[in-house]
Undergrad: 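One structure is given below, represented as structure tokens, and several questions about it will come after.
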4 protein chains.
Amino acid sequence: MSPSPERRRELLSTAAEVFAAQGYNATTVRRIADEAGMLAGSLYYHFDSKESMVDEILSTFLDELWAGYEAVLGAGLGPRETVEALVTESFREIDRHRAAVAIYQKESKHLSAQPRFGYLTESQRRFERAWLGALERGVAEGVFRADLDIRLAYRFLRDTVWVAASWYRPGGQHSPEEIARQYLSMVLDGITPRERQERP
Amino acid sequence: MSPSPERRRELLSTAAEVFAAQGYNATTVRRIADEAGMLAGSLYYHFDSKESMVDEILSTFLDELWAGYEAVLGAGLGPRETVEALVTESFREIDRHRAAVAIYQKESKHLSAQPRFGYLTESQRRFERAWLGALERGVAEGVFRADLDIRLAYRFLRDTVWVAASWYRPGGQHSPEEIARQYLSMVLDGITPRERQERP
Amino acid sequence: MSPSPERRRELLSTAAEVFAAQGYNATTVRRIADEAGMLAGSLYYHFDSKESMVDEILSTFLDELWAGYEAVLGAGLGPRETVEALVTESFREIDRHRAAVAIYQKESKHLSAQPRFGYLTESQRRFERAWLGALERGVAEGVFRADLDIRLAYRFLRDTVWVAASWYRPGGQHSPEEIARQYLSMVLDGITPRERQERP
Amino acid sequence: MSPSPERRRELLSTAAEVFAAQGYNATTVRRIADEAGMLAGSLYYHFDSKESMVDEILSTFLDELWAGYEAVLGAGLGPRETVEALVTESFREIDRHRAAVAIYQKESKHLSAQPRFGYLTESQRRFERAWLGALERGVAEGVFRADLDIRLAYRFLRDTVWVAASWYRPGGQHSPEEIARQYLSMVLDGITPRERQERP
DNA sequence: GATGAATGAGAATTCATTCAT
DNA sequence: GATGAATGAATTCTCATTCAT
């Protein structure tokens, strides 16, 4: 019962757009079907349920995300470069999967209560480990400030990055790499001028 | 219909807690009533509708918020001090109105589509003006970096601050002022060490 | 959420009647509501689901049935008298709970697949034990024929009795006791004449 | 639409099995198709509708049944021998058409409400006439007990026989003839011992 | 003969809301 | 002020059926 993967992908893309715009709960199956030019019932030829749609949207996104993250984490970079690469990779994911990221942001908290979405919690934990690790190493090596509250900094970075999905529009004037650079500049060096910028 | 204001406030506080925890749409009137120890129908003695509950929650919060903000904005502070004061004030609001802030974060986008919630859009605009103003002045006066993308920095600050409502728990180990200080330290000076820290 | 037991009982009685007449699956909640003079949704004020309606119908019936059966089984009767009393009791139950019995007959097989209806299987086992026990003792004591295939005889009795629910109409010309007597006469003595009837 | 009769028969046999196991209403066309190794839509090359499937299953069965019954009824047997032959024939039909019999038992009542299935009602009437005739003649000739309530006895026999379809499994240890003999023994002579068994 | 993709008419269920008591 | 019992509209989902390929 899972024919033509292309059609599925199209429909999932439509669904993701609507979920991101209106929220998962507030989105009716009928609305998705309208957007896809079919009747509500017809969606059930392709998917088991509304839930399985978000499921597929989120898990597909997270699989890709982790492929990118793992590449970064396995590259043997220093802590500062790791943070830079993770942030850049994140903005690239936002660029590619804006809708999925927005859904992840808004819905993962209550979705993860269900066993089916256990992988969300799991992913969050991996996420935390990756970031905290980089930050800790950075502090130890003196490339990040010693007075940093690591957990606070982690939340700060995490939120700062992902929240961008709520306003970012792909194809805008800034490339994801450009936005990443600006974010990093603020995060790493702050918004006040440094006497001597180490990155001119 | 002439209910006591105290009872209303109690009920709104209960409602806010549930809205924040589960989301506005996902929250049933019955759930609120359960939490308040009454039956769903009984809430309608106090309120016109579920919508009027969020309405009152949000507008009460925004009124207080703007009272605080206006005090800051009218105090004739320099741009850096203005930013510091706005951030601190924001964390204080999060401390006092955590639930309302969380609701505002999650729901304002789709609620503001309705005329009734026009004040949300209005508030957002004032918000933007206040922050952008401070940032621009800061850049002009040289207390903020000249290479800053002002709009990006605005979003960065705004999101960074409010998103905290999603994890902040009042009565925790850090006071709002303490959290504000740490956030500001990161935002202003960055997470990498400065050769000469101007705030030792 | 389970108010006024009288209303519940009325509604369950209505529901049972419809379930018995049309079958559980073929009965729509709307049909039950129509019959009860309300809208479909209103039933959900009283019951969780269609399923919980049959559940309550069947378990209430079985509770009463077993109260009657246990009285018989605990009375220390001989095997023939036990069989007579069980049959009579069964027809009394059909008289009182015709609809429930009909539902039990038609639906228990597929309902018992669900964990929630495990008690149906359990009940069936107790049932079997009670009847088989009486038949075995009867054969051992010589009051039932020695050449009897006990399991076949059990099925024969069981089906014979319960199937009556499909045509029996309470308030007809025969009382349940009268029908029981006739059934027993056929079952015990057969439909051919005995040379010397031991029950003249 | 000119499909091969053999394929039809195979498909109908599959369908009958599923209908018998799950009930007509509860059986989806998709389930039948699954079992037959095709897609739901493909069944419509062979059959007009789900309804026409049961129709063909039941009418085929009844045609065969009546062929057997007519042979018995036209053989000029005495009433007791007629009853014996009808019962035996019935168990043979159960052996051959277990699924169809089970469907007939469970569904004929509500199917017969539709004009298309008028032949079910018709068949039932013929059925009743055949059995009542044999019983009446038997009572008149003194081979059945004079105190018999004929209609009750009829129902008793009818149900007793057909209900067996719900537990009978072809290819089990008892042949249909063997089961018929045991049933007849119980029905004719009762389950209590006779002083002088006339059939040793 | 069969598939893939749809349709459209319900189905059960949920829920904000109403209102007589 | 609150309860009990409803309403009615919307929602997700199911399924027999159709039909171009």
Undergrad: Check each of Val54(D), Leu111(D), Asp55(D) against Arg116(D) using the side chain to side chain contact (heavy atoms under 4.5 Å, CB included) test, and report the only one that passes.
TA: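 The residue from Val54(D), Leu111(D), Asp55(D) that satisfies side chain to side chain contact (heavy atoms under 4.5 Å, CB included) with Arg116(D) turns out to be Asp55(D).
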
Undergrad: Contact between Leu62(D) and Leu120(D) at the side-chain level, heavy atoms closer than 4.5 Å - yes or no?
TA: yes

Undergrad: Could you state the NZ-P distance from Lys50(A) to dT14(F), rounded to the nearest angstrom?
TA: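 One finds 14 Å between P of dT14(F) and NZ of Lys50(A), rounded.
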
Undergrad: Check for a donor-acceptor pair, side chain of Thr60(A) on one end and backbone N or O of Glu56(A) on the other, with a separation under 3.5 Å.
TA: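 Pair found, side chain donor or acceptor close to backbone of Glu56(A).
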
Undergrad: How bent is the helix from dA2(E)-dT21(F) to dT21(E)-dA2(F), measuring the angle between the end axes built from five pairs each, rounded to 10°?
TA: 20°

Undergrad: Taking the side chain from Ser166(A) and the backbone from Val163(A), do they hold a donor-acceptor pair closer than 3.5 Å?
TA: yes

Undergrad: Between Asp34(A) (CG) and dT11(F) (C1'), how many Å, whole number?
TA: 14 Å

Undergrad: Is there a residue in residues 52-61 of chain A whose heavy atoms reach under 4.0 Å of DNA chain F, and which residues are they?
TA: none

Undergrad: Tell me every residue that passes ring pair (Phe, Tyr, Trp, His ring centres under 6.0 Å) with Phe117(D), counting only those two or more places apart in sequence or in another chain.
TA: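 Phe117(D) satisfies ring pair (Phe, Tyr, Trp, His ring centres under 6.0 Å) with no other residue.
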
Undergrad: So does Gln105(D) get a backbone contact from the side chain of Ser108(D), meaning a donor-acceptor N/O pair under 3.5 Å?
TA: no

Undergrad: Do His110(A) and Glu107(A) have side-chain heavy atoms sitting under 4.5 Å apart?
TA: yes

Undergrad: Less than 4.5 Å apart, any side-chain heavy atom of Tyr104(A) and any of Ile57(A)?
TA: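 No, side chains not in contact.
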
Undergrad: If you compare every side-chain N and O of Tyr44(B) against the phosphate oxygens of dT18(E) (OP1, OP2), does one of them come in below 4.0 Å?
TA: no

Undergrad: Between Phe47(B) (CZ) and dA2(F) (P), how many Å, whole number?
TA: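 The distance from CZ of Phe47(B) to P of dA2(F) comes to 11 Å, rounded to the nearest Å.
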
Undergrad: Starting at the 5' end of DNA chain F and moving along, which residue's nearest nucleotide shows up first, Tyr24(D) or Ser49(A)?
TA: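 Its nearest nucleotide being more 5', the pick is Ser49(A).
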
Undergrad: Counting only pairs under 3.5 Å, give me each side-chain donor-acceptor contact of residues 12-24 of chain A, with atom names and distances, residues two or more places apart or in other chains.
TA:
residue	atom	partner	partner atom	Å
Thr14(A)	OG1	Glu10(A)	O	3.1
Glu17(A)	OE2	Arg98(A)	NH2	2.6
Tyr24(A)	OH	Glu51(A)	N	3.3

Undergrad: Pairs under 3.5 angstrom, nitrogen or oxygen only, protein versus nucleotides 6-8 of chain F, please.
TA:
residue	atom	partner	partner atom	Å
dA6(F)	OP1	Arg7(C)	NH2	3.4
dA6(F)	OP2	Arg7(C)	NE	3.4
dA6(F)	OP2	His46(C)	NE2	2.8
dT7(F)	OP2	Leu39(C)	N	2.9
dT7(F)	OP2	Ser42(C)	OG	2.7

Undergrad: For DNA chain F, which residues of residues 26-33 of chain A approach it to below 4.0 angstrom with any heavy atom?
TA: Thr27(A), Thr28(A), Val29(A)

Undergrad: In the structure I gave you, are the side-chain heavy atoms of Phe61(B) and Arg96(B) within less than 4.5 Å of one another anywhere?
TA: no

Undergrad: Between atom CD in Glu10(A) and atom C1' in dA5(E), what is the gap in whole Å?
TA: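 About 13 Å, once rounded to whole Å.
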
Undergrad: What's the gap between dG1(E) and dT21(F) when it is taken at their P atoms, as a whole Å value?
TA: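 Rounded to whole Å, the distance is 22 Å.
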
Undergrad: For a 4.5 angstrom cut-off between non-hydrogen side-chain atoms, does Glu35(A) reach Arg30(A)?
TA: no

Undergrad: What distance separates Leu43(B) CG from Asp48(B) CG, expressed to the nearest 0.5 Å?
TA: 12.0 Å

Undergrad: Is the closest side-chain heavy-atom distance between Leu39(A) and Asp34(A) below 4.5 Å?
TA: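 When only atoms from C-beta onward are counted, Asp34(A) and Leu39(A) do not touch, as no gap falls below 4.5 Å.
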
